[in-house]
Amino acid sequence: QVQLVESGGGLVQAGDSLRLSCAFSGRFFSAYVMGWFRQAPGKEREFVAAIRWRGDMTSYADSVKGRFTISREDAKNVLYLEMNSLKPEDTAVYYCAARNQWSDYSDSYKYDYWGQGTQVTVSS
């Protein structure tokens with residue numbers, strides 16, 4: 001059974017940075033593709049970033065490219081999302097998710113496991 005727990009959210013000002021963490025409980029963390037998604041009030045959940053096994057490949061939504069960095073520490077079963085130059089439009093609940101395949105990594109419906117989310121609020 002896989003469990004995911006996000007942490008690190010909070011209230012920050014535009015231009016600030018935050019680092020989100022996602023703790024993975026279960027077996028074989030290194031075998032999972034991990035993703036970050038976010039959902040703002042009144043909007044659909046959207047893809048933010050994904051990282052393949054052992055971190056050999058990453059991908060980002062255009063809206064965060066160059067500002068956010070996804071990484072993983074397999075020895076500690078932890079996924080990270082480093083967020084820099086935050087903007088008010090980054091305000092959302094951020095979720096981490098896990099699945100076994102890399103194909104369609106930006107499709108939230110293809111992920112098998114989800115965390116409960118952590119709130120990120122960016123004030124202008």
message: Does the Lys NZ or Arg CZ of Arg19 fall within the cation-pi geometry relative to Tyr80 - under 6.0 Å from the ring centre and within 45° of the axis?
response: yes

query: Which distance, rounded to the nearest 0.5 Å, do you find between the OG of Ser106 and the CD of Glu46?
result: 11.0 Å

query: Hey, what do you get for OG1 (Thr58) to CZ (Phe68), rounding to the nearest 0.5 Å?
result: 14.5 Å

Residues forming a side-chain hydrogen bond (donor to acceptor under 3.5 Å, both in side chains) with Gln39, sequence neighbours excluded: none

- request: Work out which heavy atom in Ser21 is nearest to a heavy atom in Val78; give both atom names and the distance.
  value: CB-CG1, 4.3 Å

query: Does CD belonging to Gln101 count more than 12 external heavy atoms closer than 6.0 Å?
result: no

field: Same apolar cluster (I L V M F W Y, side chains within < 4.5 Å links), Met34/Val93
entry: no

field: Min side-chain heavy-atom separation Ile51-Val33 under 4.5 Å
entry: no

For Phe28, side chain to side chain contact (heavy atoms under 4.5 Å, CB included) partners two or more places apart: Ala31

task: Under the side chain to side chain contact (heavy atoms under 4.5 Å, CB included) rule, collect the residues that match up with Asp107, sequence neighbours excluded.
output: Asp104, Tyr109, Lys110

- prompt: Which heavy-atom pair separates Leu79 from Phe29 by the least distance, and what is that distance?
  reply: N-CZ, 4.1 Å

- prompt: Would a distance-only check, ignoring hydrogens and angles, find a side-chain to backbone donor-acceptor pair under 3.5 Å from Arg67 to Ser85?
  reply: yes

- prompt: Once you round to the nearest 0.5 Å, how far does CG of Asn77 lie from OG of Ser30?
  reply: 8.0 Å

- prompt: Do Met83 and Val64 sit in the same hydrophobic cluster, where Ile, Leu, Val, Met, Phe, Trp and Tyr count as joined when their side-chain heavy atoms come under 4.5 Å apart?
  reply: yes

- prompt: So, for Phe47 and Ser59, which heavy atoms are closest and what is the spacing to 0.1 Å?
  reply: CZ-O, 3.6 Å

query: Do Arg72 and Phe24 have side chains that get closer than 4.5 Å, going by heavy atoms?
result: no

- prompt: What residues, two or more places apart in sequence or in another chain, satisfy side chain to side chain contact (heavy atoms under 4.5 Å, CB included) together with Gln3?
  reply: Ser25

- request: Would you indicate whether Lys65, at its atom NZ, is surrounded by more than 12 heavy atoms from other residues, nucleotides or ligands within a distance under 6.0 Å?
  value: yes

- request: Return the set of residues passing side-chain hydrogen bond (donor to acceptor under 3.5 Å, both in side chains) with Tyr111 (not counting sequence neighbours), or none when no residue passes.
  value: none

query: Which distance, rounded to the nearest 0.5 Å, do you find between the CD of Glu44 and the OG of Ser108?
result: 8.5 Å

task: Tell me, please, which residues at least two apart from Ser17 pass side-chain hydrogen bond (donor to acceptor under 3.5 Å, both in side chains).
output: Asn84

query: So which heavy atom on Leu81 is nearest to which on Ala49, and how close?
result: CD1-CB, 4.4 Å

message: Against the six-membered ring of Trp114, is Arg45 placed for a cation-pi contact (under 6.0 Å from the centre, within 45° of the normal)?
response: yes

- prompt: Taking only residues at least two apart or on different chains, which pairs with a member in residues 24-86 satisfy disulfide bond (SG atoms under 2.5 Å apart)?
  reply: none

message: Using the salt bridge (charged side-chain N to carboxylate O under 4.0 Å, His left out) criterion, which residues pair with Arg52? Sequence neighbours excluded.
response: Asp56

task: Let me see the working for Phe37 and Tyr95 under ring-ring contact (aromatic ring centres under 6.0 Å, His included), right down to the final yes or no.
output: CA-CA 5 Å; Phe37 292 79; Tyr95 300 89; 8.8 Å; no

message: Is the ring pair Tyr113/Tyr32 parallel, tilted or perpendicular, if the boundaries are 30 and 60 degrees?
response: perpendicular

message: Applying disulfide bond (SG atoms under 2.5 Å apart) as the test, list every pair that has at least one member in residues 33-90; sequence neighbours left out.
response: none

message: Suppose the criterion is disulfide bond (SG atoms under 2.5 Å apart): which pairs have a residue in residues 93-124, not counting sequence neighbours?
response: Cys22-Cys96

task: List for me each residue that meets side-chain hydrogen bond (donor to acceptor under 3.5 Å, both in side chains) alongside Tyr60, sequence neighbours excluded, and say none if there are none.
output: none

- prompt: If you take all heavy atoms of Gln119 and Ala92, which pair is closest and at what distance?
  reply: NE2-O, 3.4 Å

query: What pairs with Val122 under side chain to side chain contact (heavy atoms under 4.5 Å, CB included), at least two apart in sequence or on another chain?
result: Val12, Ala14, Leu86, Pro88, Asp90, Thr91, Val120

